[in-house]
2 protein chains.
Amino acid sequence: MATISDVAARAGVSTATVSRALNGKSTVDPELAARVLLAAEELGYHPNGLARNLRRQETAVLALIISDVENPFFTAIARGVEDLAQVSGYSVVLCNSDENEDKERRYIDVALQERVAGVVLSPTGRSTNVEHLRRQGTPVVAVDRPLNGPDGDQVLVDTRRAARDAARHLADGGYRRIGCLSGPAGVRTADDRLDGFRDAVGEDTTLFRRTEYRAEGARLAALDLLDLPEPPDALLVANSTMTIGVLQALTGRHLRPGRDVGIVSFDDAPWATLIDPPLTVVAQPAYDIGRVAAQLLLARIADGTRAPTTTTLEARLIERQSSRR
Amino acid sequence: MATISDVAARAGVSTATVSRALNGKSTVDPELAARVLLAAEELGYHPNGLARNLRRQETAVLALIISDVENPFFTAIARGVEDLAQVSGYSVVLCNSDENEDKERRYIDVALQERVAGVVLSPTGRSTNVEHLRRQGTPVVAVDRPLNGPDGDQVLVDTRRAARDAARHLADGGYRRIGCLSGPAGVRTADDRLDGFRDAVGEDTTLFRRTEYRAEGARLAALDLLDLPEPPDALLVANSTMTIGVLQALTGRHLRPGRDVGIVSFDDAPWATLIDPPLTVVAQPAYDIGRVAAQLLLARIADGTRAPTTTTLEARLIERQSSRR
DNA sequence: GTGAAAGCGCTAACAT
DNA sequence: ATGTTAGCGCTTTCAC
């Protein structure tokens with residue numbers, strides 16, 4: 001692989017000049033610059049980013065560590081981050097922590113070691129530790145879930161309120177035994193959604209289950225609820241992946257969404273309008289979350305002294321047929 | 001940020017010893033090693049991966065460049081790659097080329113500049129150029145779509161045959177005017193699926209449309225086909241994202257899948273069984289594609305002289321109700 | 001405007 | 001077993 005000195009030799013100049021010419025820095029004699037460009041071309045020269053970054057102590061890549069690549073909510077965030085980063089000349093690499101604290105730690109380490117310019121992170125758990133990053137001066141912004149511990153930028157959704165509104169919507173629709181399926185304890189969105197649900201139906205309810213944010217767990221939990229002596233007549237489900245499991249459970253019991261069991265699900269999945277009846281959902285502004293997060297990150301990379309902010313976006317209830325009898 | 005010399009100073013040894021101790025290399029006096037570890041701990045030392053990689057001329061990260069993060073087919077591949085890479089101690093970063101040749105080129109460049117150990121790539125188009133990577137010695141394996149030009153490992157699906165079988169399945173079901181919605185010309189899977197369709201229904205058909213691999217384009221194209229004087233009574237759709245658009249089109253026309261218009265879709269999306277009637281699909285072994293690709297990549301990283309291979313996996317038709325009257 | 005030279009943080013010969 | 005030293009490929013003062 002050709003190096004900068006190969007180019008310098010071929011162009012008959014110093015490596016400094018090559019560097020300047022290639023980076024469009026300061027003033028380089030046009031004729032020399034042309035010679036350099038030609039030499040680089042002929043040699044098939046590609047700058048070594050490692051060396052450059054080592055020297056410059058900075059990289060034009062952002063890391064985005066998300067907790068589930070297979071969840072459309074997170075991929076929409078990814079798109080938002082990417083679209084914004086792109087126009088500022090940053091590349092973004094995605095890391096899938098898979099709701100697994102070990103993997104998350106590994107990727108935080110990779111981000112640290114590769115000295116990325118900044119990281120956007122949806123923290124997996126309570127114990128997510130970004131101190132290493134912070135201490136090194138790598139800005140990090142949390143999305144979807146707050147980072148406990150010292151401050152930093154975050155962009156969240158008022159998910160407790162959204163859950164409360166969704167549960168009330170079900171109650172207004174005439175459902176009387178409303179249940180809830182939420183994610184794992186300790187995951188903030190899951191806790192919040194459950195709290196919001198309780199705000200609406202009363203603290204004393206036992207009509208809820210908590211599982212992983214996955215289809216299979218939700219299917220089992222739904223079945224469990226449905227087998228109760230007094231089963232729920234409506235369900236608030238904490239994400240669209242879980243809803244897949246819930247819908248399977250309903251089908252297995254020959255229960256129809258809406259008429260038999262009212263359903264409201266978080267996240268407006270692409271297939272939400274395809275099922276029968278169409279699914280009432282709490283739509284989260286995932287793409288915007290990503291954009292805002294990227295914006296904050298870039299701002300903080302430019303100026304590390306900005307005061308930490310937390311942005312809270314609103315979710316929006318989209319009423320369709322699954323919450324009507 | 002603490003460097004290796006800070007640690008060395010604090011532990012009262014040379015940087016070489018620190019390096020050896022931290023990497024578990026050769027024999028280091030246990031007592032010294034302990035001092036080093038302690039010093040590193042106290043300083044909050046994190047090795048600089050850039051410097052290490054620059055020196056070692058290698059990285060333990062793989063790049064996976066996929067053409068659409070929002071497509072479950074590709075995220076399943078991602079999972080396969082990641083699961084396998086993980087056990088060998090490699091991290092994988094995802095890059096979303098978004099079916100866009102410019103973005104793809106950028107990410108190939110990033111991979112090159114960051115000197116990743118290898119790349120798995122689903123080439124966006126005909127003109128995807130991995131020569132730079134190859135020349136530099138970075139192994140690349142292509143998934144889903146072949147790389148034209150010089151050889152390398154690839155893992156593909158026999159998609160033409162799968163399309164042919166799917167179309168025949170529709171014909172066997174009594175549908176007589178079978179149409180096809182495929183992806184953009186030049187994208188190999190799209191070409192192959194169309195060819196397979198033609199193998200089954202005859203070369204002379206004009207009952208097909210090509211659009212982007214996206215929902216909206218497919219919706220329009222489906223409408224276009226449906227508005228024909230002699231519209232199709234069945235449709236083979238080239239991916240699940242497009243099928244969302246097709247299903248919307250059908251609903252808009254008050255046409256029912258199966259009874260009115262038979263549907264077979266590529267990719268077994270999680271929601272395929274949730275709609276009514278359940279969707280007949282061509283299931284591709286996406287996760288396995290990822291695993292095999294990662295395996296090949298790792299093998300090639302270990303031994304660059306292996307002969308190039310191409311692995312072809314089979315897709316599987318899952319008959320459900322959308323292809324029955 | 002251009003070159004010489006130092007140095008980013010680390011690892012790997014080579015000495016000892 | 002440990003230290004000394006060179007150097008990975010690049011950018012950037014500092015002279016000229």
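Below, chain A is the first sequence line, B the second, and so on; all start at residue 1. All of these numbers come straight from a predicted model, not from anything done at the bench.
A donor-acceptor contact shorter than 3.5 Å links the side chain of Arg145(B) to the backbone of Pro123(B). Side chain of Thr59(B) to main chain of Asn53(B): no donor-acceptor pair is present (N/O by atom type, distance under 3.5 Å, no hydrogens or angles).
Across all strands, Asn53(B) comes closer than 4.0 Å to no nucleic acid atom at all (heavy-atom distances). Within the 4.0 angstrom heavy-atom criterion, no nucleotide atom of any strand lies near Leu50(A).
Taking atom CD of residue Glu58(A) and atom P of nucleotide dG9(C), one finds them 14 Å apart after rounding to whole Å. As rounded to whole Å, 14 Å separates atom C1' of dC8(C) from atom CZ of Arg52(A). Distance, Arg35(A) CZ to dG1(C) P: 16 Å, rounded to whole Å. Ile4(A) places its CD1 atom 17 Å from the P atom of dA5(C), with the value rounded to the nearest Å. For the pair Asn23(B) CG and dA13(C) P, the computed distance is 14 Å after rounding to whole Å. Distance, Lys25(B) NZ to dA1(D) C1': 16 Å, rounded to whole Å.
Under the 4.0 Å criterion applied to side-chain N and carboxylate O atoms, Arg188(B) and Asp191(B) are not assigned as salt-bridge partners.
Here the nucleotide nearest the side chain of Ser14(A), chosen from dA4(C), dT11(C), dA12(C), is dA4(C). Relative to the side chain of Arg20(A), the nucleotides dC10(D), dT2(D), dT2(C) differ in distance, and dT2(C) lies closest. Here the nucleotide nearest the side chain of Asp29(B), chosen from dT12(D), dC10(D), dT2(D), is dT2(D).
For the helix from dG1(C)-dC16(D) to dT16(C)-dA1(D), the end axes, each set by the C1' atoms of five terminal pairs, are bent relative to each other by 40° (nearest 10°).
Applying the ring-ring contact (aromatic ring centres under 6.0 Å, His included) test to pairs two or more places apart or on separate chains, none has a residue in residues 88-120 of chain B. Residues in residues 46-67 of chain B take part in these ring-ring contact (aromatic ring centres under 6.0 Å, His included) pairs, two or more places apart or across chains: His132(A)-His46(B).
Asp151(A) meets the salt bridge (Lys or Arg N to Asp or Glu O under 4.0 Å) test with no other residue; sequence neighbours excluded. Shown here are the salt bridge (Lys or Arg N to Asp or Glu O under 4.0 Å) partners of Arg55(B), two or more places apart in sequence or in another chain: there are none.
For the pair Arg115(B) and Val13(B), both in contact range of DNA chain D, the more 5′-proximal nearest nucleotide belongs to Val13(B).
A donor-acceptor pair shorter than 3.5 Å can be found between the side chains of Thr189(A) and Tyr213(A).
Under the 4.5 Å side-chain criterion, counting only non-hydrogen atoms from C-beta, Asn96(B) is not in contact with Leu94(A).
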Grab the N/O contacts between the protein and nucleotides 6-8 of chain D below 3.5 Å, and write none if there aren't any.
residue : atom : partner  : partner atom : Å
dG7(D)  : N2   : Arg55(B) : NH1          : 3.3
dC8(D)  : O3'  : Gln57(B) : NE2          : 3.3

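At least one side-chain nitrogen or oxygen of Thr17(A) sits closer than 4.0 Å to the OP1 or OP2 atom of dG3(C).
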